[in-house]
Amino acid sequence: MTVERLERDVREFVARLVRGAPEGWTDFELTVKAGPAGTECDGWWVVPGRVPRPTGAVAGAEALAAAIAAERGWRGARLAVRGRPGGTFDFGAEPGTVLSGDTVVLDPGYVHPLPDERAPGSALPPAGDAARAVAALRAFLRGRAELLGEAEQSAPPATPGQVAEAERRLGHRLPDDLRALYLTTDGGGGTSGLIDGRELLTLDEMVHAAEHLRYAGRFRFAWDEPGDAAVPFEPRPHGAVRRCHDHPGWVPFTTDGSGNHHAVDLAPAAAGRPGQVLDIGADHHEGPRYVADSVTSLLVHHLDLLERGHYALQDDWPPHLLLDRDPDEEPEEPEWSDTGLPAAPGPDLQSVRITPRAPAAPLDLAPLAAAPRLRRLDLGARTAIGLGALRPLPVEFLRAGLDGEGLAPLAGHPHLGALDLACDVPLDLAPLRALPALWWLDLSRCAVVQDLGVLGELAGLRYLALTREQWAELLERDALPPGLVAARSVGAEATAQWAARIGHPAGDSYRVEGISADGS
């Protein structure tokens, strides 16, 4: 394809995009990522006075990215376009791979699947009751108004048509108890303090919040820290919630104004119930927190707390109630420490992270036998003694120093997917062949590694971090792992020569600016 034809296609693409713009827009930004993992369109229309609206998938984006990649000899392409009313726009294309600092990412669209993200869901019936939920809501609003000394307030109810339209935009039918709430009141400030100081979102706010969470969730997986991505916090009851940071089946219905939400879970794991309630959002870095089996149960519980006097009156503006929870209602948090392992690991413990402030003695892992659900163990630079204690545990991420036994005690571990290792003695990599789930590996803190050629046999490896010297040896052996998606040269800025040998192409970016084909 000629450069002139490409430029014409770009202008026609922008014109087609703008023809679908919402009324009153003033600006838009769109990013298209097209590569081996498929094509994603992430973009926003800016409309003054409203939450930015996602552009969604854009017709012709995949074909345009493929044409530019073919013309430039790239593996894939990343497109970025910004436009304004009148047809003026700026368009740029870069190789589908990314070279940044010490890291090259060959497929930016790749997200490693989490263990039960796509597993079969629940066959259990919902636990909610629409009539009971509405009765609890009305009683709570009456009781709150009496305590605050004000008239009872709530927004007018939504119509069945408005609920149906919100469900169409969400792509999900809401649980019956939550639908009944919206047919009683369409959320907003009149419900302030309804649940843990939060308010019920309006239907329109719910749709926009769901769209924002889906967009933001794509950027939570960081190549340099797989622990958080691979092992999000799994709340009680065990097996009720899918272990992932974000899911399109989690629909937010409350807000605290700071990016945190209660959400109904419409895609529960096998032991969960459709319509169960989760805490999700900005402060939930360890993944979602299980709250209740339904919106009904949540409202009934909060009404009970109110009636028993388990609340505090907040005199800021607007005045509201802050309900007090009993300490034993809270699920167990991940364990953090700067000294050692938990003194008495509980059966629900899933994550341990130790951050020593000074050099410290090795740690014996034997006490972890009391934590049968442990999935993440981060010892930082501390040396682990007795790695064999991890064999019966479902550990997926391990960061630790190794003793003289090396990796041998871990051979055959079925779940171990991410390893960040430190070692002062020669390290034999042969046991890595017997780790079927391994996809992420950092050996940059290992002083001497024997037979780096083993890495070329690891077909499932997707991320690899080595020192510059280790990379030189690996490439000299021609032992690059065949499925590698991202690579890091630790302690040194990545060179173009190294990146090219990993798979990052040389070549100039592609730019077009001006006015779209029809000036729309």
Side-chain angles (χ1 to χ4, degrees), residues 111-122 124 126-128 170-172 174-175 178 195-198 200-201 206 209-222 225-298 301-302 325 329-336 348-351 353 373-376 394 396-397:
V111 175
H112 196 72
L114 299 179
D116 64 352
E117 191 171 359
R118 300 182 180 90
S122 172
L124 299 174
L170 289 166
H172 294 282
L174 297 177
L178 187 57
I195 302 174
D196 293 341
R198 303 179 186 182
L200 190 69
L201 292 167
M206 172 192 285
E211 291 172 340
H212 174 74
L213 288 169
R214 292 172 192 172
Y215 177 79
R218 295 192 179 108
F219 303 99
R220 287 196 176 179
F221 294 83
E225 182 52 80
D228 290 338
V231 197
F233 177 57
E234 184 186 23
R236 293 194 294 258
H238 177 54
V241 183
R242 295 182 186 272
R243 289 195 302 110
C244 47
H245 274 297
D246 300 276
H247 196 283
W250 299 345
V251 177
F253 66 95
T254 73
T255 179
D256 68 352
S258 299
N260 297 298
H261 307 274
H262 287 97
V264 285
D265 183 359
L266 305 180
R273 288 182 179 271
Q276 64 190 10
V277 179
L278 311 178
D279 254 347
I280 64 172
D283 294 334
H284 295 276
H285 305 295
E286 301 293 332
R289 182 195 303 276
Y290 179 90
V291 177
D293 66 6
S294 64
V295 173
T296 305
S297 295
L298 182 63
H301 175 62
H302 280 65
R325 289 173 175 266
E329 294 176 9
E330 296 295 330
E332 186 172 353
E333 294 281 2
E335 185 77 24
W336 290 71
D348 291 322
L349 185 66
Q350 297 169 64
S351 177
R353 180 174 293 177
R373 294 174 61 198
L374 185 69
R375 299 189 182 276
R376 177 174 61 199
E396 296 165 358
F397 172 72

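At distances below 3.5 Å, not a single donor-acceptor pair connects side-chain atoms of H261 with backbone N or O atoms of A263. In this structure a side-chain-to-backbone donor-acceptor pair under 3.5 Å is missing from R376 to E396. Counting only distance, with no hydrogens or angles, the side chain of S122 and the backbone of A271 share no donor-acceptor pair below 3.5 Å.
The minimum heavy-atom distance linking V241 with P288 is given by the pair CG1-CG, 3.7 Å. A pairwise comparison of heavy atoms in L278 and Y290 identifies CD2-CA, 4.1 Å as the closest pair.
Side chains of M206 and L178 form a contact here, defined as non-hydrogen atoms less than 4.5 Å apart. With contacts defined as side-chain heavy-atom distances shorter than 4.5 Å, the pair P248/L266 does not qualify. In this structure the side chain of L201 reaches within 4.5 angstrom of the side chain of P252, judged on heavy atoms. Between R198 and N260, some side-chain heavy-atom pair lies under the 4.5 Å cut-off. A 4.5 Å side-chain heavy-atom check between V277 and F253 finds at least one atom pair inside the cut-off.
With sequence neighbours excluded, the residues forming a side chain to side chain contact (heavy atoms under 4.5 Å, CB included) with P126 are P274, listed by chain and number. Contacts of D293 classified as side-chain hydrogen bond (donor to acceptor under 3.5 Å, both in side chains), with partners at least two apart in sequence or in another chain: S297.
Tested against H262, the residues V291, I280, V295 include a single side-chain contact (heavy atoms from CB on, under 4.5 Å) partner, V291.
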